[in-house]
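Taking it in order: structure first as structure tokens, then the write-up.
Bear in mind the structure is a predicted one, so any value in this text is a computation, not a measurement. Chain A is the first sequence line, chain B the second, and so forth, proteins listed ahead of strands; every chain is numbered from 1.
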Number of protein chains: 2
Amino acid sequence: MATGRTHRPATRSRGIPEATVARLPLYLRALTALSERSVPTVSSEELAAAAGVNSAKLRKDFSYLGSYGTRGVGYDVEYLVYQISRELGLTQDWPVVIVGIGNLGAALANYGGFASRGFRVAALIDADPAMAGKPVAGIPVQHTDDLEKIIQDNGVSIGVIATPAGAAQQVCDRLVAAGVTSILNFAPTVLNVPEGVDVRKVDLSIELQILAFHEQRKAGEEAAADGALPGAAAAAAARKAAADQGPDGDVPAVMPA
Amino acid sequence: MATGRTHRPATRSRGIPEATVARLPLYLRALTALSERSVPTVSSEELAAAAGVNSAKLRKDFSYLGSYGTRGVGYDVEYLVYQISRELGLTQDWPVVIVGIGNLGAALANYGGFASRGFRVAALIDADPAMAGKPVAGIPVQHTDDLEKIIQDNGVSIGVIATPAGAAQQVCDRLVAAGVTSILNFAPTVLNVPEGVDVRKVDLSIELQILAFHEQRKAGEEAAADGALPGAAAAAAARKAAADQGPDGDVPAVMPA
DNA sequence: AAATGTGAAATTATTCACAGCT
DNA sequence: AGCTGTGAATAATTTCACATTT
């Protein structure tokens with residue numbers, strides 16, 4: 001995509017790598033903390049440490065935005081905050097709707113970090129008529145019937161789906177039809193969207209499963225190394241032993257699913 | 001890390017790529033759905049569609065686990081469910097503690113997908129003495145003072161942090177000292193952990209910021225293409241125009257932070 | 001005929017290491 | 001003297017395309 005046609009002046013070429021985009025919010029958060037402590041400048045080394053990445057990566061990331069540092073000195077904190085904010089589109093206001101006001105939806109509505117940085121919860125939507133009118137986080141819940149009108153009246157382009165998995169695709173379709181082009185999906189299901197619509201997903205269960213994979217791996221290595229097991233590791237090793245039912249065992253009746 | 005020493009038989013070599021591990025839960029979910037519908041076999045094409053990836057990637061991913069398919073036929077659903085579950089370590093029970101029982105912590109405790117697939121909420125922990133003893137999702141909340149004992153008594157190796165950002169590092173340190181080696185962090189802060197401890201983070205604000213970046217990009221392209229704007233896109237374009245304050249503007253007083 | 005499994009190519013991301021600026 | 005910015009080197013990931021197996 002966007003194959004470099006070898007004729008544009010190298011300056012500020014389009015296309016920041018996706019991996020870099022994903023880290024910009026991290027840098028921004030670290031910078032904001034420095035700004036609040038009135039720190040005027042910061043080196044790539046310091047900022048990288050605060051953001052939990054290595055400094056070469058950080059410098060490379062910033063190089064895609066432009067040359068915002070000063071050699072021998074570092075980066076001006078305020079200036080960088082502004083440049084990254086602008087790059088991320090946070091200098092404008094983003095009205096957001098949350099659909100599905102259960103436990104999670106309510107938690108999201110109450111989440112402070114949501115409101116900061118340009119995002120504004122414009123409306124809460126739920127399918128339960130009993131919820132309608134009830135305020136959550138100070139915002140009255142509206143009924144799904146009015147979804148399209150709410151989207152359009154508020155010029156919403158970002159939707160958050162916090163419904164049960166079964167309702168997610170349907171809600172997604174309606175959001176997209178009404179003009180939403182970015183979706184943050186908390187429902188544990190794959191959403192099908194047309195070209196041009198971005199979906200990002202947050203899935204607790206997936207994150208835990210990834211951790212379990214590494215945890216299992218660690219348990220295996222411990223067993224091999226066979227040192228004294230600190231803390232709760234002994235119990236973990238015991239679990240491991242109990243679960244190991246021979247290599248490549250044949251298919252059992254049914255799995256935990 | 002774990003540099004291949006070039007002497008092990010290629011069969012089932014160690015080290016599944018991280019990107020593959022991150023997709024296994026996705027495949028597992030799709031397979032579980034098929035299993036519930038009693039679908040006996042599935043092709044890489046079909047399964048890939050259900051999981052939202054392309055089929056070559058899926059086949060490559062599975063090739064790291066072993067040869068579990070049948071050429072000309074596809075994959076046996078039950079068998080694959082089992083193999084992936086085993087690979088992810090889901091054939092064993094993982095007791096988990098959630099620390100910080102605010103809105104989000106409560107939502108997590110109530111989250112059904114949590115309990116499925118081998119994860120069990122062993123305890124809820126909060127720093128507020130007023131919460132102690134109160135049941136959330138049927139589990140009584142315990143006080144932070146007892147954190148170490150709770151971890152050890154339950155053999156917990158996975159901890160979920162849902163505290164405010166300010167408390168997260170301290171909670172993390174105590175969890176790790178007590179024997180936890182995997183942490184799922186919902187607090188918007190970078191956690192420092194010793195070697196051997198895995199941390200995964202979930203950050204709503206970061207996800208929204210990434211969406212905003214792409215959203216902004218789209219608005220720019222629309223303005224360039226200048227077609228009829230469907231739905232709420234017109235309003236979005238207007239926002240864009242309002243926010244564009246010339247290229248490379250100088251530093252403003254303060255940013256939204 | 002159909003679909004897997006996989007080398008090889010292409011792409012993307014990270015890290016190194018140092019020239020160049022302040 | 002210190003620290004950025006970036007080519008070049010390396011590593012990881014994705015995609016292609018097809019030989020191989022059922």
Assign each of B/Ser67 and A/Ala19 to its nearest nucleotide of DNA chain C by heavy atoms, then name whichever residue's nucleotide is nearer the 5' end.
B/Ser67

Return the value, rounded to whole Å, for the distance between atom [atom1] of [X] and atom [atom2] of [N].
| X | N | atom1 | atom2 | value |
| --- | --- | --- | --- | --- |
| B/Leu80 | C/dA3 | CG | C1' | 14 Å |
| A/Ile16 | D/dG5 | CD1 | C1' | 16 Å |
| A/Glu18 | C/dT12 | CD | P | 11 Å |
| B/Arg23 | D/dA12 | CZ | C1' | 11 Å |
| A/Glu45 | C/dC16 | CD | P | 12 Å |

Under 4.0 Å from OP1 or OP2 of [N]: is there any side-chain N or O of [X] that close?
| X | N | value |
| --- | --- | --- |
| A/Thr70 | C/dT22 | no |
| B/Tyr64 | D/dA12 | no |
| B/Ser43 | C/dA3 | no |
| B/Tyr75 | C/dA2 | no |

Regarding A/Tyr79 and A/Gln83, is there a side-chain donor-to-acceptor distance under 3.5 Å anywhere?
yes

Is it the case that the side chains of B/Glu215 and A/Thr181 hold a donor-acceptor pair, with the cut-off being a distance below 3.5 Å and no angle test?
yes

Counting N and O atoms only, with roles assigned by atom type, does the side chain of A/Lys201 sit under 3.5 Å from a partner on the main chain of A/Pro188, one being a donor and the other an acceptor?
no

Check whether B/Ser43 reaches the backbone of B/Glu46 with its side chain - one donor and one acceptor, N or O, closer than 3.5 Å.
yes

Would you mind reporting whether A/Tyr27 and A/Ile84 have side-chain heavy atoms less than 4.5 Å apart?
yes

Given side chains that start at C-beta, do those of B/Val180 and B/Ser157 come closer than 4.5 Å, heavy atoms only?
no

So how far is it from B/Asp173 CG to B/Asn192 CG, rounded to the nearest 0.5 Å?
8.5 Å

Interface with DNA chain D, restricted to residues 51-63 of chain A and to heavy atoms under 4.0 Å:
A/Arg59, A/Lys60, A/Ser63

Do B/Arg71 and D/dT22 share a donor-acceptor pair, side chain to base, under 3.5 Å?
no

